[in-house]
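Just below is one structure, and these are the notes that go with it.
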Amino acid sequence: MTLQIDLSAIAANYRALAAKSPGARASAVVKADAYGLGAEQVARRLAAEGARDFFVALDREVAAVRAGAGPEAQIFVLSGHMAGADLGSAIPVLNNPEQYFRDRAMRPGRPFGIQLDSGMNRLGFEPAEWAALKDEILAQGPVLVMSHLACADEPDHPMNAQQLAVFQQMTQGVTAPRSLAATGGILLGPDYHFDLTRPGIGLYGGRPFDAAQPVVRLSLPVIQTREVEAGETIGYSNTYTAPRRMRVSTVAAGYADGIHRRLSSDGDRPRIDLLADGQACPVVGRVSMDLITADVSALQTVPEALDLICPAQGIDAVADVIGTIGYEVLTALGQRYRRHYI
Ligand SMILES: *Cc1c(COP(=O)(O)O)cnc(C)c1O
């Protein structure tokens, strides 16, 4: 099982997203082990590309990013300063008064950022909390004031303009660098860019950055290939009956590797293909814990491995079949794969 990660495609996506917001500096969001692709390697590549600011979700994600990005990088922790957090050299993005007072008591004089809630109701100071503490906090010199958009992947959604107006109003007179846009926000245009952008999924080749270069190839080794007669069944619960004589390959990966069981065929109707050099091999029968079966009848020769994710079938195509988003497909891919960086 090989997860091939194209670091030069990630770098190209970073450059392309940065070029869409020339007035702002582009950071890199590398939470959840860089969306499952390896925070240290991704951070190292993007630091070489000029990225100076990185975002993680949790304090324990900092070390890998630091190892890759080097001592000069600013590493922001989006969960802020939680009780018992070990922030080290990282910069907490403080989400409420409780975090702010805890941080100032425990890290006086050290850099911090602030997250404002502009309407998503997930993280950040509420407008009233901010109004009460704004002057005191700004006097302490936050290195970043940011908020996050709820609907940026839908350009026409009225929530975008509404959150923009709230953010502008809440940050009136703020001289600290401001940040509002993740990948979707970058694509909404310059009003949303402010001083720092925070792309994540677009770096890794996912929607809504449709111009992204593909980053991931997931190749699953073929263990065995057999002939199946018409009328025979394949896999658990006999869900698939061969309509004709066919050749079936069994590959070494399954739902224990983050390959969702909903990629199983729907009875006799395949939902997804494995690909051999772009040639489709429909998945037939159930996805098992460690095994998947595919109809390779169309192939002249069966290769050593078949691809589930590749340029012809990207993370969003797989996500659509499962009924989820590319983000979840990527982060679900576990640690069992051999990662190969190119
Ligand atoms: C995950 C996240 C991002 C990156 O979002 P993408 O949609 O992956 O570009 C940016 N900012 C915050 C606060 C996030 O949680």
Side-chain angles (χ1 to χ4, degrees), residues 27-35 39 52-66 69 73-152 159-160 162-182 184-185 192 194-198 200 327 331:
S27 73
V29 178
V30 290
K31 63 195 180 196
D33 199 23
Y35 292 42
R52 285 189 278 153
D53 312 276
F54 296 83
F55 286 85
V56 296
L58 300 169
D59 57 349
R60 63 174 182 273
E61 297 178 328
V62 171
V65 178
R66 178 65 69 202
Q74 297 200 100
I75 305 176
F76 292 94
V77 175
L78 289 166
S79 57
H81 193 152
M82 297 203 288
D86 178 12
L87 290 161
S89 64
I91 303 173
V93 182
L94 306 173
N95 288 299
N96 56 26
E98 184 192 350
Q99 288 200 342
Y100 169 72
F101 289 118
R102 175 186 297 132
D103 190 68
R104 291 303 84 190
M106 297 181 69
R107 300 173 63 256
R110 305 280 305 279
F112 67 97
I114 291 288
Q115 168 129 240
L116 304 176
D117 177 24
S118 55
M120 192 174 183
N121 283 308
R122 190 178 68 165
L123 282 179
F125 283 72
E126 302 269 343
E129 293 170 334
W130 178 238
L133 286 168
K134 183 177 177 184
D135 291 344
E136 173 187 336
I137 293 175
L138 291 179
Q140 299 249 349
V143 298
L144 184 70
V145 177
M146 59 169 274
S147 189
H148 194 51
L149 298 168
C151 303
M159 185 67 166
N160 295 321
Q162 189 181 317
Q163 285 191 269
L164 175 61
V166 171
F167 186 64
Q168 272 164 337
Q169 196 268 324
M170 288 177 87
T171 60
Q172 212 139 52
V174 169
T175 54
R178 292 185 291 173
S179 176
L180 180 61
Y192 290 82
F194 295 92
D195 303 298
L196 186 79
T197 60
R198 307 189 309 271
Y327 301 70
T331 55

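For clarity, every value in this text was computed on a predicted model and none was experimentally measured. Quick note: residue numbers are just sequence positions, from 1.
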Checklist entry - Hey, is the main chain of Met170 close enough, under 3.5 Å, to the side chain of Trp130 for a donor-acceptor pair? => result yes
Checklist entry - Which heavy atom of Phe54 sits nearest a heavy atom of Ala69, and at what distance? => result CE1-CB, 3.6 Å
Checklist entry - Name the one of Gln74, Arg110, Arg66 that satisfies side chain to side chain donor-acceptor pair (under 3.5 Å) with Ser89? => result Arg66
Checklist entry - Run the side chain to side chain contact (heavy atoms under 4.5 Å, CB included) check on Phe167 and Arg178 step by step: do they pass? => result CA-CA 9 Å; Phe167 186 64; Arg178 292 185 291 173; 4.0 Å; yes
Checklist entry - What is the ring orientation for Tyr100 with Phe125, classed by angle as parallel under 30°, tilted 30 to 60°, or perpendicular over 60°? => result perpendicular
Checklist entry - Quick one: does Ser147's side chain have a donor or acceptor within less than 3.5 Å of a partner on Leu180's backbone? => result no
Next on the checklist: If I compare all heavy atoms of Gly80 with all of Asn95, which pair ends up nearest, and what's the gap?
Outcome noted: N-ND2, 3.7 Å
Item to check | Short side-chain to backbone donor-acceptor contact, Glu61 and Leu58, under 3.5 Å | outcome: yes
Checklist entry - Checking side chain to side chain contact (heavy atoms under 4.5 Å, CB included) for the pair Leu196/Arg52: CA distance, chi angles, key distance, verdict? => result CA-CA 11 Å; Leu196 186 79; Arg52 285 189 278 153; over 6 Å; no
Checklist entry - What closest approach, in Å, do Arg104 and Gly109 show between heavy atoms, and which atom pair accounts for it? => result NH1-N, 3.6 Å
Checklist entry - So, the side chain of Gln99 versus the backbone of Ile114: is there a donor-acceptor pair under 3.5 Å, distance only? => result no
Next on the checklist: How close do Pro111 and Ile91 get, counting heavy atoms only, and between which atoms?
Outcome noted: O-CG2, 3.7 Å
Item to check | Side-chain donor or acceptor of Asp59 paired with backbone N/O of Val62 under 3.5 Å | outcome: no
Next on the checklist: Please evaluate residues Leu164 and Phe194 with respect to the criterion side chain to side chain contact (heavy atoms under 4.5 Å, CB included), reporting the C-alpha separation (whole Å), side-chain torsions for both, the decisive distance (0.1 Å), and the verdict.
Outcome noted: CA-CA 11 Å; Leu164 175 61; Phe194 295 92; 3.7 Å; yes
Next on the checklist: If we ignore hydrogens and angles and just use 3.5 Å, is the side chain of Arg102 paired with the main-chain N or O of His81 as donor and acceptor?
Outcome noted: yes
Checklist entry - Ala57 and Lys31: which non-hydrogen atoms are nearest, and at how many Å? => result N-CB, 3.5 Å
Checklist entry - Just by modelled atom types, is the His148 backbone N or O under 3.5 Å from a matching donor or acceptor in the Gln163 side chain? => result yes
Next on the checklist: Keeping Ser27 on the side-chain end and Thr197 on the backbone end, is there a donor-acceptor pair under 3.5 Å?
Outcome noted: yes
